[in-house]
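Computation of the quantities below employed the complete heavy-atom set of this structure, encompassing side-chain atoms and omitting hydrogens, waters and symmetry-equivalent molecules. Chain A is the first sequence line, chain B the second, and so forth, proteins listed ahead of strands; every chain is numbered from 1.
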Amino acid sequence: MTLEQQITTLAKAAVKALYNVDAEDSQIQLQKTRPEFEGNITLVVFPFVKTARKAPQVVGDEIGNWLLGNGEGLIARFNAVQGFLNLVIDDAFWVKQLEAIDADDNYGRFQSPITHHQSPIGAQPLMMVEYSSPNTNKPLHLGHVRNNLLGYSIAQIQEANGWKVVKTNIVNDRGIHICKSMLAWLKFGNGETPETSGKKGDHLIGDYYVRFDKEYKAQITELTAQGMDEETAKREAPLMQEAQEMLRKWEAGDPEVRALWEKMNSWVYAGFDETYRRLGVSFDKIYYESNTYLEGKSEVEKGLASGQFYRREDGSVWADLTRDGLDEKLLLRSDGTSVYMTQDIGTAKLRFRDFPIDKMVYVVGNEQEYHFKVLSILLDRLGFPFGKELVHFSYGMVELPNGKMKSREGTVVDADDLMDKMVEDAKEISKDKVNTLQGITEDEANEIARKVGLGALKYFMLKVDPRKNMLFNPAESIDFNGNTGPFIQYTYARIRSVLRKAGEREEKDGEILETRGLDPKELALIQRLTEYPAAVRTAGEEFSPAVICNYAYALACDFNSFYHDLSILNEPDAHKRALRLLLASNVAKVLRSAFALLGIEMPERM
RNA sequence: GGUCCGGUAGCUCAGCUGGAUAGAGCAACAGCCUUCUAAGCUGUGGGUCUCGGGUUCGAAUCCCGACCGGAUCACCA
């Protein structure tokens with residue numbers, strides 16, 4: 001039972017005994033005691049002031065005294081200040097908490113989600129998390145990085161919350177945008193390959209996507225100069241015509257187009273795999289739109305047959321969503337080709353055929369909120385039970401100082417370049433630390449720089465509220481000081497160093513712990529450790545890695561303050577030394593666990 | 001125009017299910033390394049929580065209305 005639960009029970013008994021009030025849980029308002037007052041936990045007494053017909057100060061004192069007399073030693077002292085009852089919890093309680101944390105190898109992990117009704121009793125419910133979902137026409141950029149980091153972290157967090165999680169990726173490997181790259185490569189590529197150019201496959205393809213856009217724009221300019229209006233020019237430009245023709249050929253299974261498509265996609269996948277590996281993200285099941293779009297088409301046909309959708313005179317198929325307060329939505333183009341929505345319907349169907357999914361989560365940017373609103377309705381209308389329940393985990397955009405990134409205009413921060421830069425910076429900074437890193441090999445140094453550089457990047461992106469847009473300024477390097485990944489990694493490395501030294505000195509496990517006269521810094525640390533499971537729950541409910549970041553930062557701050565003020569190994573009192581060692585070791589354990597939820601690795605030294 | 005999201009220190013962000021004097025980091029300034037890793041610790045300065053109403057013992061937080069910024073409403077994805 002947590003401290004909050006115990007105090008809640010006691011507080012209810014107190015107001016019942018004192019004022020004959022049957023308090024609701026919601027009336028027992030507990031908060032952490034502010035540092036300027038003595039105490040660990042604070043009961044807000046305002047909710048009882050009215051019924052007690054006494055001044056807040058009096059009510060505070062009365063409840064405080066009752067708790068002191070009936071708390072079975074849990075409460076050591078109290079002070080009441082203007083309606084706030086600050087409770088000092090007995091040291092022995094905290095030491096017991098620490099021992100319990102130490103004994104729990106899965107501290108902060110839960111057996112099952114808080115509430116779940118669909119699954120049979122006892123079965124672990126399954127959550128599928130879709131993230132990444134790249135197009136195979138360009139390399140990954142900073143926006144994808146945010147998506148990948150969020151998706152991976154959300155999966156870890158939900159797993160810790162008791163879900164069985166299947167991480168999935170839908171690769172957008174077909175469509176007009178792919179044809180654009182292919183066409184540009186055919187026309188201007190001179191047979192260039194990753195091998196001949198030395199370029200990573202995804203970057204090579206991306207270059208041709210940009211090339212297409214450049215040539216296409218030139219054609220538009222030319223046509224409008226000849227007097228054509230811009231709309232028509234965009235439609236009639238030869239390159240666009242050819243790209244559309246290529247898409248039709250692709251859908252018709254034209255062997256040449258398919259062969260080219262497979263070759264170019266394989267280059268891209270090799271590139272993506274490398275980027276994913278470096279980012280540290282992975283998938284349990286990958287879907288390809290080239291395999292799911294036909295399924296989507298057939299679902300749309302079924303919907304057409306059952307009267308859910310309708311066909312216009314030009315042959316295009318639409319859904320009328322006006323009764324849901326939305327617009328009409330295109331599902332199949334007049335030439336019969338499918339659109340994004342069609343594919344998503346097919347993908348959803350296959351996924352639910354493949355897995356007993358209880359909850360489907362799409363990690364996709366907030367610019368697609370409308371799309372998922374529509375998808376949810378369409379799936380529901382087509383008779384899929386999961387339609388209504390789907391979760392669009394909608395995150396904010398990454399913006400540059402001068403606005404949004406635009407891949408076609410080349411104003412993107414490339415994922416590979418950014419990772420290179422971060423690791424380089426980490427390496428550079430670590431050069432000043434030769435004294436602490438002496439004696440390590442070049443490989444070890446590189447490995448530390450990799451972990452720290454990536455840690456800085458990941459923490460930077462995960463610490464902000466996922467729903468909000470965030471700013472990235474390429475001109476300013478990502479910090480390694482302050483509220484950053486490296487700060488927390490450093491805290492961990494410090495602890496590991498102390499623990500290594502303790503091992504060398506044969507500090508014994510099982511030494512009796514000091515249980516009285518805890519230093520405020522020790523106590524604050526233990527209390528912070530006890531808050532970890534709640535942070536994991538909140539992060540899960542809110543789909544927010546930022547909650548974990550904030551928690552880990554607070555824990556690291558508490559530890560550094562403790563570390564600065566109190567000596568661990570040089571403490572002469574063996575009982576105190578044992579307590580501090582145990583404390584340090586569990587701080588390291590929780591920091592490591594928290595960072596694992598973020599997908600950030602810990603260096604043993606740095 | 002409809003819908004959705006945001007507006008907190010010079011900058012980047014916490015806090016938002018109502019609670020005590022609104023917090024961090026960066027940047028600036030001043031201290032702390034013969035002692036467990038100074039990527040650290042301590043301190044100083046910095047605020048009309050966009051504005052105006054309302055709800056109440058109490059509002060950055062909830063409600064209403066403005067203003068500003070962003071997204072979206074495609075035979076794009």
Check your understanding: Atom CZ of A/F460 to atom C1' of B/C13: distance rounded to whole Å?
Key -> 10 Å
Exercise for review: Could you tell me whether the side-chain ring of A/F84 sits stacked on the base of B/A20, using a centroid cut-off under 5.5 Å and a plane angle under 30°?
Suggested key: yes
Check your understanding: In terms of side-chain heavy atoms of A/N366, which of B/A14, B/A71, B/C73 is nearest?
Key -> B/A71
Exercise for review: Using a 4.0 Å heavy-atom cut-off across all strands, classify A/I568 as base, sugar-phosphate, or nothing.
Suggested key: base
Exercise for review: Spell out, as yes or no, whether a donor-acceptor pair under 3.5 Å connects the side chain of A/K463 to the backbone of A/N483.
Suggested key: yes
Check your understanding: Taking the P atom of each, how far is B/G43 from B/G25, in whole Å?
Key -> 10 Å
Exercise for review: From the options B/G40, B/A77, B/C36, select the nucleotide whose nearest atom is closest to the side chain of A/I176.
Suggested key: B/A77
Check your understanding: Would A/D25 and A/T8 count as a side chain to side chain contact (heavy atoms under 4.5 Å, CB included) if you check the C-alpha gap in whole Å, the side-chain angles of each, and the deciding distance to 0.1 Å?
Key -> CA-CA 7 Å; A/D25 271 10; A/T8 299; 4.0 Å; yes
Check your understanding: Does B/C73 adopt a syn or an anti glycosidic conformation, taking syn as a chi angle within 90° of 0?
Key -> anti
Check your understanding: Does any donor atom in the side chain of A/S394 or A/E369 lie under 3.5 Å from an acceptor atom in the other side chain?
Key -> yes
Review point. So, is A/R333 close to the B/C76 phosphate, meaning a side-chain N or O under 4.0 Å from OP1 or OP2?
Key: yes
Check your understanding: With no hydrogens and no angle check, is any side-chain donor or acceptor of A/D324 less than 3.5 Å from a backbone partner on A/L326?
Key -> no
Review point. What does A/T42 touch in the nucleic acid at a heavy-atom separation under 4.0 angstrom: a base, only the sugar-phosphate, or nothing?
Key: base
Review point. Closest approach of A/R174 and A/W261, non-hydrogen atoms and distance?
Key: CA-NE1, 4.3 Å
Practice item. Sticking with atom P, work out how far B/C62 lies from B/U17, rounded to a whole angstrom. Key: 6 Å
Exercise for review: Counting heavy atoms from C-beta on, name the nucleotide in B/A77, B/U72, B/A20 closest to the side chain of A/E36.
Suggested key: B/A20
Review point. Atom NZ of A/K521 to atom C1' of B/U42: distance rounded to whole Å?
Key: 9 Å
Practice item. Give a yes/no verdict on base stacking between B/G40 and A/Y563: centres under 5.5 Å, planes within less than 30° of parallel. Key: no
Practice item. Starting from P on B/C13, measure out to CZ on A/R467 and report it in whole angstrom. Key: 14 Å
Review point. Between B/C36, B/C13, B/U72, which nucleotide has the shortest distance from any of its atoms to the side chain of A/L569?
Key: B/C36
Review point. What's the CD-C1' distance between A/Q29 and B/A20, to the nearest Å?
Key: 13 Å
Practice item. State whether A/R34 places a side-chain N or O below 4.0 Å from either non-bridging phosphate oxygen (OP1 or OP2) of B/A20. Key: yes
Point to revise | Main-chain N/O of A/D558 paired to A/S561 side chain as donor or acceptor, under 3.5 Å | key: no
Check your understanding: What nucleic acid atoms does A/F480 come within less than 4.0 Å of, heavy atoms only: base, sugar-phosphate, or nothing?
Key -> base
Check your understanding: For A/E369, which contact category applies under a 4.0 Å heavy-atom criterion: base, sugar-phosphate, or nothing?
Key -> sugar-phosphate
Check your understanding: Starting at NZ of A/K50 and ending at C1' of B/U56, how long is that distance when rounded to a whole Å?
Key -> 8 Å
Exercise for review: Take atom OH of A/Y551 and atom C1' of B/A24, then tell me their distance rounded to the nearest Å.
Suggested key: 17 Å
Review point. For atom C1', what is the distance between B/A30 and B/U34, given to the nearest Å?
Key: 24 Å
Review point. Counting side-chain heavy atoms from CB outward, which of B/C41, B/C36, B/G19 is closest to A/F46?
Key: B/G19
Review point. Expressed in angstrom and rounded to an integer, what is the separation of A/F543 atom CZ from B/C5 atom P?
Key: 18 Å
**Study point:** N/O (side chain, A/K373) to phosphate O (OP1/OP2, B/U72) under 4.0 Å
**Key:** no
Review point. Of the nucleotides B/A20, B/C36, B/U3, which one has an atom closest to the side chain of A/T33?
Key: B/A20
**Study point:** Side-chain donor/acceptor contact of A/N481 with base of B/A27 under 3.5 Å
**Key:** no
Exercise for review: Please check if any side-chain donor atom of A/S132 sits under 3.5 Å from a side-chain acceptor atom of A/N148, or the reverse.
Suggested key: yes
Check your understanding: Does the side chain of A/N147 pick up a donor-acceptor pair with the side chain of A/Y395 at under 3.5 Å?
Key -> yes
Check your understanding: Checking all strands, does A/E476 fall into the base, sugar-phosphate, or nothing category for heavy-atom contacts under 4.0 angstrom?
Key -> nothing
Practice item. From the options B/A14, B/A20, B/C57, select the nucleotide whose nearest atom is closest to the side chain of A/D465. Key: B/A14
Review point. Which part of the nucleic acid, if any, lies within contact of A/M606, taking any heavy atom under 4.0 Å across all strands shown: a base, the sugar-phosphate backbone alone, or nothing?
Key: base
Practice item. Give A/S26 one of three labels, base, sugar-phosphate or nothing, depending on what nucleic acid heavy atoms sit under 4.0 Å from its own. Key: nothing
Exercise for review: Report yes if a side-chain nitrogen or oxygen of A/S561 is closer than 4.0 Å to either non-bridging phosphate oxygen (OP1 or OP2) of B/C41; otherwise report no.
Suggested key: no
Check your understanding: Given B/A20, B/A14, B/C36, which nucleotide is nearest the side-chain atoms of A/V464?
Key -> B/A14
Practice item. Among B/U42, B/U37, B/A20, find the nucleotide with the atom closest to the side chain of A/R500. Key: B/U37
Practice item. Indicate, with a heavy-atom threshold strictly under 4.0 Å, whether A/Q368 touches base, sugar-phosphate, or nothing. Key: base
Check your understanding: Contact class for A/K463 (heavy atom, under 4.0 Å): base, sugar-phosphate, or nothing?
Key -> nothing
Practice item. To the nearest Å, give me how far apart CD (A/Q31) and P (B/G15) are. Key: 16 Å
Check your understanding: Taking all non-hydrogen atoms of both residues, which atom of A/F487 and which atom of A/G482 are closest, and how far apart?
Key -> CB-O, 3.0 Å
Practice item. Establish, with yes or no, whether the OP1 or OP2 oxygen of B/A38 is under 4.0 angstrom from a side-chain nitrogen or oxygen of A/R494. Key: yes
Check your understanding: Parallel, tilted or perpendicular: which describes the rings of A/Y340 and A/H371, with under 30° parallel and over 60° perpendicular?
Key -> parallel
Point to revise | Whole-Å P distance, B/U61 and B/U50 | key: 8 Å
Check your understanding: Using the C1' atom in both, what is the distance from B/C32 to B/A38, to the nearest Å?
Key -> 9 Å
**Study point:** Base of B/A24 and ring of A/Y553 stacked, centres under 5.5 Å, planes under 30°
**Key:** no
**Study point:** Secondary-structure string, 5' to 3', Watson-Crick or G-U under 3.5 Å, | for another-strand partners, for RNA chain B
**Key:** ((((((((.[[[[.)...(...]]]].(((((.......))))).....[[[[[..)....]]]]])))))))....
Check your understanding: Where the side chain of A/K468 is concerned, which of B/C4, B/A77, B/G7 is the nearest nucleotide?
Key -> B/G7
Review point. For the residue pair A/W250 and A/Y293, does the interplanar ring angle fall in the parallel (under 30°), tilted (30 to 60°) or perpendicular (over 60°) class?
Key: tilted
